[in-house]
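Contents: one structure, followed by commentary.
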Number of protein chains: 2
Amino acid sequence: MNSVPTNPSGEGPGSASPSFRPLYQQIKALITQSLQSGEWKPGELMPSEVELAVRFKVSQGTVRKAIDELAAENLVVRRQGKGTFVATHHEERAHFRFLKLMPDEGAPRPHENRYLEVRRIRAPAEVARLLELKSGDAVVYIKRVMSFDAVPIILEELWLPGQLFKGLTAERLVEYKGPMYGLFESEFGTRMIRATEKIRAIGADGAAAEVLNVAEGTPLLCADRVSFTYGDRPVELRRGLYLTAQHHYQNELS
Amino acid sequence: MNSVPTNPSGEGPGSASPSFRPLYQQIKALITQSLQSGEWKPGELMPSEVELAVRFKVSQGTVRKAIDELAAENLVVRRQGKGTFVATHHEERAHFRFLKLMPDEGAPRPHENRYLEVRRIRAPAEVARLLELKSGDAVVYIKRVMSFDAVPIILEELWLPGQLFKGLTAERLVEYKGPMYGLFESEFGTRMIRATEKIRAIGADGAAAEVLNVAEGTPLLCADRVSFTYGDRPVELRRGLYLTAQHHYQNELS
DNA sequence: AAGTGGTCTAGACCACTTT
DNA sequence: AAGTGGTCTAGACCACTTC
């Protein structure tokens with residue numbers, strides 16, 4: 001006997017399958033909700049598969065399949081013998097998922113940040129559009145330089161929804177050690193899940209040239225990023241200018 | 001009763017688990033071998049899961065898990081109700097996996113190719129190293145321009161192992177319609193599985209400037225690609241120079 | 001020893017496609 | 001109606017970690 005409902009969110013009797021949704025996807029959505037609501041926080045241990053199976057009244061196999069997909073999307077991390085943990089940006093492991101610039105030779109080196117600007121401004125039209133805000137809404141604007149071995153390599157500008165990042169100041173950024181996404185996740189409850197990037201080659205303008213200590217017109221790699229949190233909500237805009245004389249943007253096509 | 005061998009490729013009796021390898025991974029390796037050997041060719045229908053389960057003397061579930069991973073790696077494609085097919089580059093679907101340049105506005109448009117050079121040469125040291133050949137081995141060198149709406153946008157150079165691409169001539173390339181990887185797969189039995197790219201911004205040199213019809217020094221996006229076939233064997237080197245005034249390299253971080 | 005994720009099986013049923 | 005992939009279950013056992 002198998003009592004699995006064909007379509008628990010019944011569309012009425014006799015509906016053959018106008019909107020079929022597998023059970024494990026419904027479970028996956030429920031788990032995602034708990035992640036989003038903060039029931040289990042980044043880095044924490046989640047309930048075991050059997051516990052979740054009891055809680056949702058399904059078999060362990062169904063919970064497994066749901067968690068399988070969440071692990072594939074880097075929302076959770078499984079550790080055999082230990083349990084399943086909520087993914088976090090506070091790990092070496094996650095750093096290079098969003099920082100794809102690598103030195104041409106040798107291992108990646110730590111970087112130092114220098115913050116040039118941290119201000120609250122009204123969102124320009126284009127920024128508002130991409131962040132799905134109203135034009136003129138408050139956004140936090142950040143401008144910083146990242147250096148490797150004291151050589152400035154990256155010039156970044158960020159725009160963040162002011163609503164979500166109320167207490168974000170230059171001091172908080174400067175004193176914080178570790179990746180910026182770690183700060184966002186711990187202090188502002190906003191976790192970056194995935195991002196899209198549009199990459200171009202441009203010539204350095206006067207401002208960029210000065211900061212990166214190169215001649216005006218020097219070719220720079222320009223990466224325009226939109227980052228998303230749970231539910232595909234855009235929550236960060238970022239423009240990175242990369243000096244690629246001794247570095248490159250590393251990408252995998254698969 | 002469960003007759004699954006703990007470690008079929010026994011390392012001797014009493015060996016607790018010095019080299020444990022799940023059954024489904026062994027099945028996956030066997031299926032990959034059949035793909036590589038051409039037992040089932042790109043685009044063809046593979047045996048059903050139950051057939052494979054009988055053949056390998058395992059349960060359908062174990063075969064499923066093996067095929068799940070092959071599908072995730074884009075080696076096969078599942079179609080409910082129809083069967084599992086060997087992946088092929090002869091599909092709209094696969095095109096944009098290896099051509100990431102998109103127009104800033106509007107939908108992707110078809111492109112025209114013009115071949116500037118197709119020659120057999122001796123591999124330069126760097127090329128030989130990356131293709132794991134001996135320095136001086138024969139390689140096919142290709143230089144081409146790709147245009148969108150009659151505007152040259154991409155200048156590409158390719159290096160292919162001469163051994164694998166014996167009959168590759170300019171005529172074959174010119175007369176062939178469709179993606180180059182389709183030709184490689186159909187006519188030369190070499191299927192590109194995945195690739196790595198190192199991306200930089202450079203200034204156009206004289207030759208590139210002329211072909212792309214821009215001023216010398218114009219910023220170009222430079223993508224150095226190494227492509228791999230089954231067994232992670234490198235089988236293509238490619239340098240693409242992209243004009244990114246009206247286009248961008250589209251990337252997903254996930 | 002106990003608990004966790006990971007593997008494997010056998011069987012039932014569902015959704016989709018083709019005959 | 002038959003065949004295929006897709007879902008779900010229940011149960012056994014394995015590998016790994018911790019107590």
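For A:Glu49, taking side-chain heavy atoms from C-beta onward, the closest of the listed nucleotides C:dC8, C:dT4, C:dG5 is C:dG5. Of the candidate nucleotides C:dT4, C:dC8, D:dC8, C:dC8 has the atom nearest to the side chain of B:Thr62. Closest to the side chain of B:Tyr24, out of C:dT9, C:dT4, C:dT7, is C:dT7. The nucleotide whose nearest atom lies closest to any side-chain atom of B:Val50 is, among D:dT4, D:dA10, C:dC8, D:dT4.
Rounded to an integer number of Å, the gap from CE of A:Met46 to C1' of C:dG3 is 16 Å. Whole-Å rounding puts the B:Phe20 CZ to D:dC13 P distance at 16 Å. Atom C1' of nucleotide C:dC8 and atom CD of B:Gln25 are separated by 14 Å, given to the nearest angstrom. Atom P of nucleotide D:dA10 and atom NZ of A:Lys57 are separated by 14 Å, given to the nearest angstrom. As rounded to whole Å, 14 Å separates atom P of C:dT7 from atom CD1 of B:Ile27. Put simply, CG on A:Leu23 is 13 Å from C1' on C:dC13, counting in whole angstrom units. Between B:Gln26 atom CD and C:dT7 atom P there is a gap of 12 Å when expressed in whole angstrom units. The nearest whole Å value for the distance from the CD atom in B:Gln60 to the P atom in D:dC8 is 15 Å.
Note that CZ of B:Arg238 and CE of B:Met180 are 5.5 Å apart. Values are rounded to the nearest 0.5 Å.
Ion pair A:Lys198/A:Asp224 not flagged as a salt bridge, since none of the NZ, NE, NH1 or NH2 atoms sits closer than 4.0 Å to an Asp/Glu carboxylate oxygen. Classification of B:Glu49 and B:Lys65 as a salt-bridged pair fails, no side-chain N sitting under 4.0 Å from a carboxylate O.
Residues B:Tyr242 and B:Glu156 bring no donor and acceptor atom of their side chains to less than 3.5 Å of each other. For the residue pair A:Glu91 / A:His89, no side-chain donor-acceptor distance below 3.5 Å is found, with atom types taken as modelled.
The six-membered or imidazole ring of A:His95 lies away from that of A:Tyr181, with a centre-to-centre distance of 6.0 Å or more.
The stretch residues 63-91 of chain A touches DNA chain C through A:Arg64, A:Arg78, A:Arg79, A:Gln80, A:Gly81, A:Lys82, A:Gly83, A:Thr84, each having a heavy atom under 4.0 angstrom from the strand.
In this structure, C:dG6 forms a base pair with D:dC13, meeting either the Watson-Crick or the G-U wobble geometry with both donor-acceptor distances under 3.5 Å. Pairing for C:dT18 is with D:dA1, a Watson-Crick or G-U wobble pair whose two hydrogen-bonding atom distances lie under 3.5 Å.
OP1 or OP2 of D:dT4 has at least one side-chain nitrogen or oxygen of B:Ser48 nearer than 4.0 Å.
Side-chain N or O atoms of A:Thr196 include none that pairs as donor or acceptor with a backbone N or O of B:Glu252 at under 3.5 Å.
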